[in-house]
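A short write-up of the structure that comes next.
Heavy-atom basis, side chains included; hydrogens, waters and symmetry copies ignored.
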Amino acid sequence: MNKRFTETGFPVRSVDMQRATDNITIRQGDTAVIRCYVDDKVSKVAWLNRSNIIFAGEDKWSLDPRVDLVTKGQLEYSLRIQKVDVYDEGPYTCSIQTKQQSKTSQVYLIVQVPAFVYKVSEDVTVNEGSNVTLTCLANGRPDPSITWRLLNPSAETLDVGEYLEISGIMRTQAGRYECKASNDVATPDVKYVNVVVNYPPFIKGAKSSETQVGRQGILQCDATAVPKPEFEWYRDDKRLSNMQGITIQITGSRTMLLVANVTEDDYGNYTCVATNRLGIHNASVFLYRPGTGRDINGSACVCQSLWLLLLPFLLPVLKC
């Protein structure tokens, strides 16, 4: 017979030792009351923990200040243990002596401990394609179950266990990982690990501009990358910078080339280049006069390299 409680006790019946032991299940830190009821025919009564005497009558033999008696008249002789800990687990015996015979009642105290995560991986930054192992170690009684989730919009359970193995991690697997340890004793313990995945730039949007002479032309590139990309603009093999009539704007993962007052000489092919330490990606866009039929979305071509210094030599080959 199993029961869980905080302050409420469990009646110990005056029966012989052959009867099956009753169990009390209690959470660490709560108060256990192990109840024993007697009658007026009892001459001697005592509480024992294993072979150690805790109380003999009302004389306390234990030095533990957390332990005391709960008595109501002469009919109750219950043992109370405050702030129960794991070392309190074990058998407790109420021993009763009458003129005719001795009787004992035994209860086994089971102490449960809430799940607690005592070690979790530090936040980690890796390159795309790397193998990643996240660790989450927890203890508790009973042993806790550990589950992992990536807190993206779906937040589906990824795996169960202390270790989460990710082979060839992708950029879509970056984010905040949740480790949850639970054993139904109390609220689960939750810890988090942030995983950053580095990857080379990719220009996902390149916009050309159909602009009349005398108007402002705007060319645009949007790129994704970790770490954040750096941008450059080229016209043929010449790198462009902020100068009279031309303004380069960079805001986060977007760059724009603004031509304030378009002339005939400004029409043509422009190249935006996104770089980080993992690679390069470029896209060709066009500034053109109305009616020439250019694709206003431009076109992009991939160019990944760790050697940015070679870019002027590579651009003629990489143009789409």
Side-chain angles (χ1 to χ4, degrees), residues 125-130 152 168-175 196-320:
T125 299
V126 296
N127 292 341
E128 190 172 38
S130 301
N152 54 19
I169 192 168
M170 304 298 292
R171 65 192 69 180
T172 54
Q173 294 173 293
V196 176
V197 178
N198 292 328
Y199 58 91
F202 175 74
I203 296 176
K204 60 181 180 180
K207 295 183 179 180
S208 297
S209 177
E210 181 183 26
T211 308
Q212 294 179 348
V213 170
R215 299 292 184 86
Q216 183 185 58
I218 301 175
L219 305 175
Q220 178 179 311
C221 283
D222 293 280
T224 60
V226 178
K228 184 174 70 174
E230 297 180 358
F231 290 100
E232 294 176 347
W233 283 93
Y234 287 82
R235 174 86 185 273
D236 297 325
D237 293 339
K238 179 183 177 183
R239 180 180 175 183
L240 302 177
S241 59
N242 290 317
M243 55 187 177
Q244 187 174 4
I246 291 181
T247 302
I248 296 175
Q249 295 181 352
I250 299 174
T251 306
S253 61
R254 170 175 295 177
T255 181
M256 292 190 297
L257 177 69
L258 285 69
V259 182
N261 187 6
V262 172
T263 67
E264 290 288 344
D265 292 339
D266 294 322
Y267 290 131
N269 182 15
Y270 292 77
T271 302
C272 66
V273 180
T275 66
N276 67 10
R277 60 183 177 82
L278 297 179
I280 298 174
H281 194 200
N282 69 18
S284 292
V285 291
F286 298 91
L287 178 62
Y288 60 96
R289 70 175 62 85
T292 57
R294 291 281 189 180
D295 179 5
I296 198 166
N297 289 322
S299 59
C301 53
V302 177
C303 171
Q304 295 186 4
S305 170
L306 295 177
W307 304 102
L308 184 57
L309 294 176
L310 296 178
L311 182 61
F313 302 98
L314 295 175
L315 280 175
V317 178
L318 295 172
K319 291 177 182 176
C320 297

Report yes if the side chains of [X] and [Y] come closer than 4.5 Å at any heavy-atom pair, otherwise no.
| X | Y | answer |
| --- | --- | --- |
| Trp233 | Leu219 | yes |
| Arg277 | Asn198 | yes |
| Cys272 | Phe231 | no |
| Thr255 | Ile248 | yes |

Taking all heavy atoms of [X] and all of [Y], pick out the closest pair and write down the distance.
| X | Y | value |
| --- | --- | --- |
| Asn276 | Pro227 | ND2-O, 3.2 Å |
| Leu257 | Ile246 | CD1-CG2, 3.4 Å |
| Tyr267 | Arg289 | CE2-N, 3.3 Å |
| Ala206 | Val285 | CB-CG1, 3.6 Å |
| Val197 | Val226 | O-CB, 3.5 Å |
| Gln216 | Val262 | C-CG2, 4.3 Å |

From [atom1] ([X]) to [atom2] ([Y]), nearest 0.5 Å:
| X | Y | atom1 | atom2 | result |
| --- | --- | --- | --- | --- |
| Tyr199 | Thr172 | OH | OG1 | 10.0 Å |
| Gln244 | Asn261 | CD | CG | 10.5 Å |
| Ile250 | Glu230 | CD1 | CD | 8.0 Å |
| Asp236 | Tyr270 | CG | OH | 9.0 Å |
| Leu258 | Gln249 | CG | CD | 5.0 Å |
| Ile218 | Thr211 | CD1 | OG1 | 8.0 Å |

Contacts of Asp222 meeting side-chain contact (heavy atoms from CB on, under 4.5 Å) (sequence neighbours excluded), chain-then-number -> Lys204, Gln220, Arg254
